[in-house]
Amino acid sequence: MRSFGIYPDHTMFPFVLKACVFLKNLRLGESIHGCIIRLGLDFDLFTGNALLNMYAKFQSLQLNGGCKVSAFNVFDGMPKSVIRLDSVPKVLEMMPERDVVSYNTVIAGNAQNGMYEEALRMVREMGNANMKPDSFTLSSVLPIFAEYVDVMKGKEIHGYAIRHLFDSDCYIGSSLIDMYANCARIEDSCHVFNLLPTRDDISWNSIIAACVQNGVFDEGLKLFRLMLTARVKPRDVTFSSIMPACAYLTTLHLGKQLHGYIIRGGFDDNLFIASSLIDMYAKCGNIRAARWIFDQMEHHDMVSWTAIIMGHALHGHAHDALSLFKQMEKDGVKPNYVSFIAVFTACSHAGLTDKAWRFFNSMSQNHGIKPGLEHYAAMADLLGRAGKLNEAYEFISSMHFAPSGSIWSTLLSACRVHKNLELAEKVAKEIFKVDPENVGAYVLMSNMYAASRRWKEAAKMRIFMKKKGIRKEPACSWIEVKNSVHTFISGDKSHPLYDGIFQALKDLLEQIEREGYIPDTNEDFHDVDEEQKKYLLFSHSERLALAFGIISTPAGTTIRITKNIRVCVDCHTAIKLISKVVQREIIVRDNSRFHHFKDGVCSCRDYW
DNA sequence: GTAGGGTTAG
C-alpha cells in the first residue's frame, strides 16, 4: 500500500499493531511506532491505546522470562535491555486524551505483571478522572483480590458488578469463580457459576479448577462430564485442572482415559499437563509410567522435576529421588519450597537422617529458602521414623514459630511406632494445648495405653472423645476393578460378594499360616481374647479389598489398593506372604507412601 | 483499541 504512495490513516494502525502482538515481534512494533510518530498519528486515541496494549503485552513476555522489574514507573534504575519496554508510561504521558480503554489497558498490563498496587492506584486515578470502572476493569481487578485472598474486597467488587449489571458477564463470572475459590469459598464459586446465563470454555475451566483446588473432587469430575455433555471442547487448562482429582482419588482408569484425550488432542507437550500426568501416575501406583512421561519430555521445569522427585520419594526410591534432585541442580533449575519437601520425603522413607540434615541446612544457606511449617514437619517426621525421638522433640521445640498440632502429631505417631509411652504423654499434652479437638491424638494415646494393657487410661481417652463429640474417621480401603471403585471399611460385610470374599480370606489365611504366618495382635487394642483378635485383624479394610481383588481379577494381575490411614503391621506381614502364595504384585498406597509387595517382600523393607 | 481459567506440597 505504501509502495503505491497511499498513506495510512488513523484507522489502520490499531490492526497493524495487533498483528505485531500476535507475531510477538517487538522490533516490528517499534518501527511501526516510528511510522506513527512520523505521520503525526500518535495523538490519535485509538492508535495510542493500541500502542499501550502492545507495549504492555511485550512487558508480559519479558517478565515471564524471569525478572520482575517494574517497567511502568521505573526508568532510571532499569537494565538497558528492558528500557525499550518502558514505553507504556511514556505513551500514556504523551496522550492528549485518555478514555476508559486507556486506563483498562494499563490496569490490565500492571495486573498481569504482578504490579498489583500500581494497578489499583490506576483504578483510583481513573475514578479521579471521572471515568467509571466497567466490566473490563473489574475482570482485571478481581484476580488481584484472588491473589491477596481478600474475600471482603472481592465481594465489594461483586456487589459493584451486580449494581451495574455486569454480573452476567462471562469474563467477570470466571474471575469471580476463581476469586471465591482462592478464598476457600467454593459454595460461592458454584453459586456464581450456576447463575451465569452463558458459559464458555473458560467458565467451565474455572469452576472445575475451583472444585479440584478445594478438594471437592467428585464435583469436579461431575462438572467435567457435564462440560463434555454440553459440547464444550476441553482445552489444555481443563486437563491440568482435572488431573489432580484422579491423582488424589487414585482413579487410574480415569487418569488413563484423560491421558488418551490429551494425546489425541495434541496436548501432551504441555508442561502443566505433563507435570500433572507424572503426579497422577505416581500417585496411582504406576511410578514407571510417571518416569516414562518425565523421560519423554523435552524440557523440564521446576514443577515437573519436583513432581517426579516426589513420585519416587512416595514409592520409597530414595536413591532415584536424590539423584534426580542432583540432576535438576546440574541442569540449572532452581528448587523451590515444594522441591525440598519432596527431598525430605525421600530421605524420610529411607531413614536417611544425615543426608536430610545436610539438605535442611543447605536449603536456607545455599538456596535462600526459609524453612516453613511443612519442612519442619517433614524433618520431624523423618527423625521420628528413624527412632531419634528426643532429637525430634528438641527440633520441634527449637522452631522459630509456635509448633502446630499437626507437627506434634508426626512425633506422636513415631512414639507409637517406637513404643515410647513416656514421651508420647509429653507430646500429647502439647497437642491438646494447641488443638484440644485433635482426634488422631486421642485415638493414638488410647491405642498406646491399650498396648501396654493400661485399659483404664485407654478408656479415659475414648470417653474424652465421646464427651467432646469428636469421632475418628473409620479405616477405609478401596480398589478399582473393571473401571469401578469398591470401598471397604473394617469389618464391612455389606459388599454384594461378601461370601466369596470371606471364603477367600479363610483360604488365604490357611495358605499363609503354612508359610509361617503368626497373627501379630500387638496393634489390636480391643480388650478381647486372642481368637477374637485374629478375627478382627482378618477383617481389616485392606484385607477385604485385597481378597476382593484376588477373586475378581485374572491370575497374575497387579492389584492396587488405597488406604486412608497407615497400613497396620499385621496386615503388612500378611500381605507380604499373600503376594508370595498368590504370585501377584500387590501395591498398597497408605496415607504416606506406597508399598510394593512381591514374592514375600515389600519395597519399604519394613521401614515405614 | 481493553478483560477471565492451569501443574508439584507430612
Side-chain angles (χ1 to χ4, degrees), chain A residues 10-11 13-15 17-18 44-54 56-57 99-109 111-112 134-143 146 166 169-179 181 200-210 212-213 235-244 247 270-280 282-283 301-311 313-314 335-342 344-345 348-349 372-382 384-385 406-407 409-410 413 591-593:
Chain A
H10 70 279
T11 60
F13 285 104
F15 300 109
L17 290 169
K18 191 158 201 153
D44 175 65
L45 179 61
F46 277 46
T47 307
N49 285 344
L51 277 168
L52 281 179
N53 182 48
M54 181 188 74
K57 288 282 150 59
D99 68 353
V100 180
V101 176
S102 325
Y103 278 101
N104 284 344
T105 306
V106 179
I107 290 165
Q112 287 160 0
D134 65 2
S135 65
F136 285 80
T137 327
L138 302 192
S139 47
S140 294
V141 170
L142 276 166
F166 295 142
D169 183 294
C170 202
Y171 284 78
I172 292 180
S174 356
S175 296
L176 281 170
I177 290 167
D178 184 57
M179 183 276 293
D200 63 3
D201 52 345
I202 298 188
S203 345
W204 282 99
N205 290 339
S206 304
I207 191 66
I208 290 170
V212 176
Q213 287 160 1
R235 297 178 26 154
D236 46 2
V237 179
T238 323
F239 293 108
S240 45
S241 305
I242 195 71
M243 199 61 76
N270 179 298
L271 260 177
F272 286 79
I273 291 177
S275 300
S276 70
L277 277 170
I278 292 169
D279 182 58
M280 184 277 292
K283 294 232 170 89
D301 66 347
M302 186 268 298
V303 175
S304 48
W305 278 107
T306 303
I308 192 66
I309 292 169
M310 185 54 104
L314 291 174
N336 80 339
Y337 193 92
V338 186
S339 318
F340 277 98
I341 297 173
F344 296 139
T345 307
S348 178
H349 292 313
L373 190 71
E374 285 102 329
H375 300 115
Y376 278 102
M379 277 301 287
D381 181 53
L382 190 148
R385 277 176 206 272
S406 65
I407 209 163
S409 297
T410 62
S413 64
N591 59 350
S592 75
R593 63 165 295 154

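Values in this document were obtained by computation on a predicted structure and should not be read as measured data. Each chain gets a letter, A, B and so on, in the order the sequences are listed, and its residues count up from 1.
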Locate the shortest heavy-atom distance separating C170(A) from S203(A); write the atom from each residue and the value. SG-OG, 3.5 Å
For N53(A), answer base if it contacts any base atom (sugar-phosphate contacts may also be present), sugar-phosphate if it contacts only those atoms, and nothing otherwise; contact means non-hydrogen atoms under 4.0 Å. sugar-phosphate
With heavy atoms under 4.0 Å as the rule, sort T47(A) into base, sugar-phosphate or nothing. nothing
If I take atom CG in residue L277(A) and atom P in nucleotide dG6(B), what distance separates them, rounded to the nearest angstrom? 18 Å
Rounded interatomic separation in angstrom, taking CD1 from I107(A) and P from dT2(B): 15 Å
Where do Y337(A) and E374(A) come nearest, in terms of heavy atoms and distance? OH-OE1, 2.7 Å
Whole-Å distance separating the CD atom of Q112(A) from the P atom of dT2(B): 12 Å
For I172(A) and dG4(B), what is the distance between atoms CD1 and C1' respectively, to the nearest whole Å? 9 Å
List every contact pair, protein side and nucleotides 7-9 of chain B side both N or O, where the distance is under 3.5 Å.
| residue | atom | partner | partner atom | Å |
| --- | --- | --- | --- | --- |
| dT7(B) | O2 | S275(A) | OG | 3.1 |
| dA9(B) | OP1 | K283(A) | NZ | 2.5 |

Picking from dG4(B), dT2(B), dG6(B), which would you name as closest to the side chain of D134(A)? dT2(B)
Please tell me whether S175(A) and D178(A) have a donor and an acceptor in their side chains that are separated by less than 3.5 angstrom. no
Go through the structure and list residues passing ring-ring contact (aromatic ring centres under 6.0 Å, His included) with W305(A), not counting sequence neighbours. F294(A), H300(A)
Record whether the side chain of S140(A) comes under 3.5 Å of the base of dA3(B) through a donor-acceptor pair of N or O atoms. no
With respect to the side chain of K57(A), which nucleotide from dG6(B), dA3(B), dG4(B) is positioned closest? dA3(B)
Could you tell me how far apart D201(A) (CG) and dG6(B) (P) are, to the nearest whole angstrom? 13 Å
Quiz question: going by heavy-atom distance under 3.5 Å, is there a donor-acceptor pair between the base of dG4(B) and the side chain of D200(A)? yes
F136(A) atom CZ is separated from dG4(B) atom C1', nearest whole Å, by 11 Å
Would you indicate what F15(A) reaches in the nucleic acid, counting non-hydrogen atoms under 4.0 angstrom: base, sugar-phosphate, or nothing? sugar-phosphate
With a 4.5 Å heavy-atom cut-off, do L271(A) and S240(A) have their side chains touching? no
For S304(A) and D301(A), does a side-chain donor sit closer than 3.5 Å to a side-chain acceptor? yes
By ring-ring contact (aromatic ring centres under 6.0 Å, His included) - contacts of F340(A) (at least two apart): F325(A), H367(A)
Whole-Å distance separating the CG atom of N104(A) from the C1' atom of dA3(B): 8 Å
Using whole Å, report how far CG of L176(A) lies from P of dA3(B). 18 Å
Counting only distance, no hydrogens or angles, is the base of dG4(B) paired donor-acceptor with the side chain of D169(A) under 3.5 Å? no
